Amino acid sequence: MFSGIQPTGDFHLGNLLGAVDNWVPLQDTHDAYYCVVDLHAATVPWDPAALRREVLSMTALLIACGLDPERSILFVQSHVPYHSELCWILTCIARMGELRRMVQFKEKSKGESESVGVGLLTYPALQAADVLLYRAHGVPIGEDQRQHIELMRTLAGRFNQTFGPAFVVPEPWIREEGARIRALDNPDEKMSKSTPRPASKILLTDSPTIIAKKIRSAVTDSGREVRAAGDKPAITNLLTIFSLVTKTPIPELEERYEGTGYAAFKVALADAVVDALAPIQKRYEELVSDRGEIERTLADGASRAEAEAGATMADVRAKTGLGPPA
Ligand code: AMP
Ligand code: TRP
């Protein structure tokens, strides 16, 4: 299996509960590849020195969350050049309409469709290259990535039909609960790295005081019942977070907080989130101070990834008539 995460922006509770928490157990059951996708971060303007820092800090956070470079392959996208090579071939077989239809492209290019970088449009071809290079069967992701995986499946199928079978057609693995954690200040939106409003998200690096403050000011629904329901999107979101960080079923939480009102519920939720993040934060602080060690881990990950990706690329080159003749 394969999954990726962008190094830029704030790593938030949605990333943890919707993606990374699912990645941890897969290390024991699958050949697992986890990639910090810095080339995807280059689809919007970037600062070179900041990008390098963010790659290291994202790697430290992933390890702190439980990814273990001994049990999985943890690497950086741009350290394995085959990603760019396969991306180009997939860009050439993708169709304009397929790329333009992507919700993420439409959202990110809103109002500036002439001046936006072309990388935002071809972004899903790079994402397809990421997964197809490793012939992964499954891609654990949050709900927002479903459309990109669908396109990846289309491109893999089209390549296989045109040039002969080189790729596994991968499946999206989306866990129902936690697949879409919502913004604390607006449950109609997802919690997102690119939202500028600090009150919308809890960062993995937030202090206990900040966490308590953000949860205290989270939007709630009308009424005062702590219950998950279609007409209570805000409380449902908070219950989902509570349930995932404490591994307690929602009905049990509903029972526990019956009649207590929102305020007491929020205090308990803040404590639960602080407790869940404390060991991650501690580990992160230890790891991030040893830059050399992270760099060694990533170099090792890249060389293991490159061996696998190189085998796929040799097949792709042979099938497409590209690269030096064998
Ligand atoms: P990104 O923040 O776009 O780099 O996403 C990294 C991973 O986190 C992807 O698998 C996303 O689907 C997942 N993710 C991002 N935001 C959320 C959210 N609000 N709820 C659940 N999963 C999310
Ligand atoms: N586009 C994904 C996101 O924003 C990140 C990503 C890049 C990814 N390549 C991937 C996810 C390959 C899964 C598989 O979340």
Side-chain angles (χ1 to χ4, degrees), residues 1-24 26 32-44 54-55 58 61-62 65 67 73 75-78 80 83-84 86-87 90 99 102-105 107-108 119-120 122-153 155-156 168 170-195 200-204 233 236-237 240-241 244-245 305 309:
M1 49 94 3
F2 186 104
S3 200
I5 186 161
Q6 295 204 42
T8 41
D10 301 320
F11 188 113
H12 54 71
L13 210 52
N15 296 132
L16 180 69
L17 303 179
V20 180
D21 262 359
N22 302 336
W23 298 357
V24 173
L26 290 168
Y33 290 83
Y34 299 112
C35 186
V36 178
V37 294
D38 54 351
L39 294 169
H40 277 107
T43 53
V44 292
E54 285 166 333
V55 164
M58 178 55 77
L61 264 175
L62 291 173
C65 290
L67 293 194
I73 296 181
F75 70 106
V76 180
Q77 191 181 32
S78 69
V80 180
H83 290 249
S84 307
L86 182 58
C87 172
L90 296 176
L99 294 171
M102 293 292 114
V103 171
Q104 183 177 303
F105 172 69
E107 278 174 0
K108 292 199 172 168
L120 272 187
T122 55
Y123 181 111
L126 178 59
Q127 184 164 349
D130 295 342
V131 175
L132 301 182
L133 273 178
Y134 301 92
R135 295 187 263 226
H137 290 82
V139 191
I141 30 128
E143 181 62 43
D144 61 335
Q145 295 299 314
R146 186 188 289 279
Q147 203 186 24
H148 289 161
I149 309 297
E150 274 311 311
L151 179 56
M152 184 183 297
R153 292 169 55 82
L155 296 178
V168 170
E171 308 265 348
W173 288 347
I174 300 174
R175 179 166 76 167
E176 243 169 64
E177 228 186 36
R180 192 178 168 84
I181 299 295
R182 293 155 189 281
L184 295 180
D185 61 348
N186 179 2
D188 296 335
E189 285 178 22
K190 69 169 183 174
M191 191 178 282
S192 163
K193 282 191 184 148
S194 49
T195 306
S200 68
K201 54 192 159 189
I202 291 173
L203 308 189
L204 255 68
T236 304
N237 190 44
T240 302
I241 294 173
L244 289 169
V245 298

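A quick note: this is a predicted structure, and the numbers were derived from the prediction, not measured. Note that ligands are numbered from 1 as they come in the structure, with each ligand's atoms numbered from 1 the same way.
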Pick from Q77, Q145, H40: the one approaching atom 2 (C) of ligand 2 most closely through a non-hydrogen atom
Q145
re atom 6 (C) of ligand 1, the protein heavy-atom contact at minimum distance is N15 ND2, 3.5 Å
Full working for ring pair (Phe, Tyr, Trp, His ring centres under 6.0 Å) between Y134 and H83
CA-CA 10 Å; Y134 301 92; H83 290 249; 5.7 Å; yes
Using a 4.5 Å cut-off on heavy atoms from C-beta on, say whether the side chain of T8 contacts that of K193.
no
Scan side-chain atoms only and decide if D130 and Q77 contain a donor-acceptor pair under the 3.5 Å cut-off.
yes
Short N or O distance, P140 and ligand 1, threshold 3.5 Å exclusive
no
What residue and heavy atom of the protein are closest to atom 8 (C) of ligand 2, and at what distance?
Q127 NE2, 3.5 Å
Return the CG to CG distance between L99 and L151, rounded to the nearest 0.5 Å.
6.0 Å
Of all protein heavy atoms, the one nearest atom 20 (N) of ligand 1 is I181 N, 2.8 Å
Are W173 and N22 side-chain neighbours, meaning at least one heavy-atom pair lies under 4.5 Å?
no
Does a side-chain heavy-atom distance below 4.5 Å link V37 with I5?
no
Which is closest to atom 5 (C) of ligand 2 in terms of heavy atoms, G4, G142, S3?
G4
Quick check: do M1 and P140 have side-chain heavy atoms less than 4.5 Å from each other?
yes
Tell me which protein heavy atom sits closest to atom 4 (O) of ligand 2, plus the residue, atom name and distance to 0.1 Å.
Y123 OH, 3.0 Å
Checking a contact table here: which protein heavy atom is nearest atom 9 (N) of ligand 2, and how many Å away?
D130 OD2, 2.7 Å
When you measure from atom 7 (C) of ligand 1 to every protein heavy atom, which one gives the shortest distance, and what is it?
A19 CB, 3.7 Å
Side chain or backbone of V131 under 4.0 Å from ligand 2, or both, or neither, by non-hydrogen atoms?
side chain
Taking all heavy atoms of I241 and all of I181, pick out the closest pair and write down the distance.
CD1-CG2, 4.0 Å
Residue part near ligand 2, for I141, under 4.0 Å between non-hydrogen atoms:
side chain
Kindly indicate whether the side chain of S200, heavy atoms from C-beta on, has any atom under 4.5 Å from the side chain of E189.
no
Does any non-hydrogen side-chain atom of C65 lie less than 4.5 Å from one of L16?
yes
In this structure, atom 1 (P) of ligand 1 is nearest to the protein heavy atom K193 NZ, 3.6 Å
Find out whether F2 and L133 are in side-chain contact, i.e. whether some heavy atom of one side chain is under 4.5 Å from a heavy atom of the other.
no
If you round to the nearest 0.5 Å, how far is CE of M102 from CD of Q127?
10.0 Å
Can you list the ligand 2 atoms lying under 4.0 Å from a non-hydrogen atom of F2?
12 (C), 14 (C)
Would you mind running through ligand 1 and noting each atom that sits below 4.0 Å from a heavy atom of Q6?
4 (O)
May I ask you to test the R175-L244 pair for a side-chain heavy-atom distance under 4.5 Å?
yes
Give the residue and atom name of whichever protein heavy atom lies nearest to atom 22 (N) of ligand 1, and the separation in Å to one decimal.
G14 O, 3.3 Å
Counting only heavy atoms on the protein side, is anything nearer than 4.0 Å to atom 3 (O) of ligand 1?
no
Per-atom contacts of ligand 2 with V139, taking only distances under 4.0 Å to non-hydrogen atoms
13 (C), 14 (C)
Run the contact test for H12 against ligand 1 with a 4.0 Å cut-off on heavy atoms, strictly below, and give the result.
yes
Which residue and atom name correspond to the protein heavy atom nearest atom 10 (O) of ligand 1, and how close is it?
G142 N, 3.2 Å
For ligand 1, is any non-hydrogen atom under 4.0 Å from M191's backbone (N, CA, C, O), its side chain (CB onward), both, or neither?
both
Under 3.5 Å between some N or O of ligand 2 and some N or O of Q104?
no
Proximity to ligand 1 by part of D144, non-hydrogen separation under 4.0 Å
side chain
Among all protein non-hydrogen atoms, which one is nearest to atom 21 (C) of ligand 1, and what is the separation to 0.1 Å?
A179 O, 3.1 Å
